[in-house]
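As a basis for the values below, the full set of heavy atoms in this structure was taken, side chains included, without hydrogen atoms, waters or symmetry mates. From a predicted model like this one, the values you see are computed outputs, not experimental measurements. Atoms within a ligand are numbered from 1 in the order they appear, just like the ligands themselves.
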Amino acid sequence: MSIEALVFDVDGTLADTEEVHRMAFNLAFEEFGLAWHWEQAEYRSLLAVTGGKERLGSYIDALPSSAAEKRRLHERVPELHAAKTRHYTDIARCGGIGLRAGVARFLGEARSAGLRLAIASTTTAINIDALLQATLGAEGLSMFDVIACGDQVRAKKPASDIYLLALDTLGVAPERAIAIEDSVNGLHSALGAGLWTLVTPTFWTEGGDFSGAGLVLPGLGDLGVEELTRIATAAPPPNAVQALYLGQ
Ligand code: XBP
Ligand code: MG
């Protein structure tokens, strides 16, 4: 069965963004007078929770504070996350984040091959807009037929909601699409939606259990679109992969 669409994750896949997300969180903590500072090692473990607001909530829950203090802090999460997003988009818009190696070439090749492009990401639309316009210019957004992201779904990765939304909006069956991810959460989200998945880990996600991935590579590098679609279509049907993932 031929491939019609490629569905890309954003953070860690299109660009290695998590160091800038970490910096933006720390800038927001300073702005709010919070004595919090996420070092890389701590942030790497906090990334097990997808979604910046959910990550903040999980961090607060683990604080040695009173229930009343935790309630007060939870109430501030939306404004704290909005400040973090402002810091992140400021850095992205100034060109502080580049695409990962091979991504721009791969996107161009996919479009020339007539494949449709989509995004399925946990981050916010404003972050995606800032990153894509800064790295790909005016057509950075228009090259994607669908951008499914952030709070458009209730359950974030590893739940499959965001990939199911992307496929539904594209009008493409899972077996006619390939997912490209960087993390275990992202892989499980794509597998649960029945997509054959290429995983390209970063420092933040390497060493994860990528069982069920169709292919794991250090990055897109020189991989050809034609080569990827050939590998994916020669692979076991997604329902077999999905069954493997779902333990059926
Ligand atoms: C990765 C995430 C996001 C980012 C932070 O998303 O889990 O939460 O870490 O961005 P992706 P926000 O699915 O693109 O890998 O603070 O906007 O959530
Ligand atoms: Mg990711």
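- The contact set between ligand 1 and Thr124, taken as ligand atoms under 4.0 Å from a residue heavy atom, comprises 17 (O).
- For the residue pair Asp61 / Ser58, no side-chain donor-acceptor distance below 3.5 Å is found, with atom types taken as modelled.
- For ligand 1, the atoms closer than 4.0 angstrom to any heavy atom of Thr50 are 7 (O).
- Taken together through direct or relayed side-chain contacts under 4.5 Å among Ile, Leu, Val, Met, Phe, Trp and Tyr, Leu117 and Leu136 form part of one hydrophobic cluster.
- Of the protein's non-hydrogen atoms, Thr123 OG1, 3.1 Å is the one closest to atom 10 (O) of ligand 1.
- Below 4.0 Å from some heavy atom of Asp9 lie the following atoms of ligand 1, by number and element: 11 (P), 13 (O), 14 (O), 15 (O).
- Taking every heavy atom of Gly51 and a limit of under 4.0 angstrom, the matching atoms of ligand 1 come to 7 (O), 8 (O), 18 (O).
- Of the residues Asp9, Asn185, Thr50, the one that meets the side chain to side chain donor-acceptor pair (under 3.5 Å) test with Lys157 is Asp9.
- Residues Val20 and Phe203 do not share a hydrophobic cluster, defined by chaining ILVMFWY side chains whose heavy atoms lie under 4.5 Å apart.
- By the criterion of a separation under 2.8 Å, the protein N/O/S atoms near the Mg ion (ligand 2) amount to Asp9 OD2, Asp11 O, Asp182 OD1.
- With contacts defined as side-chain heavy-atom distances shorter than 4.5 Å, the pair Leu73/Trp36 qualifies.
- Contact of the Arg55 side chain with the Phe25 side chain is registered, since non-hydrogen atoms from C-beta on lie closer than 4.5 Å.
- Residue contacts with ligand 1: His81 is included, with a non-hydrogen atom under 4.0 Å away.
- Remark: the Glu54 side chain and the Tyr59 side chain contain no N/O donor-acceptor pair separated by less than 3.5 Å.
- Within the 4.5 Å cutoff, side-chain heavy atoms of Ile128 are placed close to those of Ile147.
- Annotation for ligand 1: atoms under 4.0 Å from non-hydrogen atoms of Ser121 are 11 (P), 13 (O), 14 (O).
- At a 4.0 Å heavy-atom cut-off, ligand 1 touches Asn127 through the side chain alone.
- The shortest heavy-atom distance from Lys156 to ligand 1 is not under 4.0 Å.
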Show me the donor-acceptor pairs within less than 3.5 Å that the side chains of residues 87-95 make with the rest of the protein, sequence neighbours left out.
{"unit_1": "His87", "atom_1": "NE2", "unit_2": "Glu31", "atom_2": "OE1", "d": "2.7"}
{"unit_1": "Thr89", "atom_1": "OG1", "unit_2": "Thr85", "atom_2": "O", "d": "2.9"}
{"unit_1": "Thr89", "atom_1": "OG1", "unit_2": "Arg86", "atom_2": "O", "d": "3.1"}

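- Close approach to Glu18 involves these atoms of ligand 1, each under 4.0 Å from a residue heavy atom: 1 (C), 4 (C), 9 (O).
- Side-chain atoms of Thr200 and Arg100 form a donor-acceptor pair, as typed in the model, at a separation below 3.5 Å.
- With Lys84, Glu54, Arg55 as candidates, the residue nearest to atom 2 (C) of ligand 1 on a non-hydrogen basis is Arg55.
- Summarising the geometry of Lys53 relative to Asp151, their closest heavy-atom pair is NZ-OD2, 2.8 Å, with the distance given to 0.1 Å.
- Within the listing of ligand 1, atoms 14 (O) sit less than 4.0 angstrom from a heavy atom of Val10.
- Within a 6.0 Å radius of CD in Glu226, other residues, nucleotides and ligands contribute 12 heavy atoms or fewer.
- The residue among Ala24, Gly12, Gly52 with a heavy atom at the shortest distance from atom 18 (O) of ligand 1 is Gly52.
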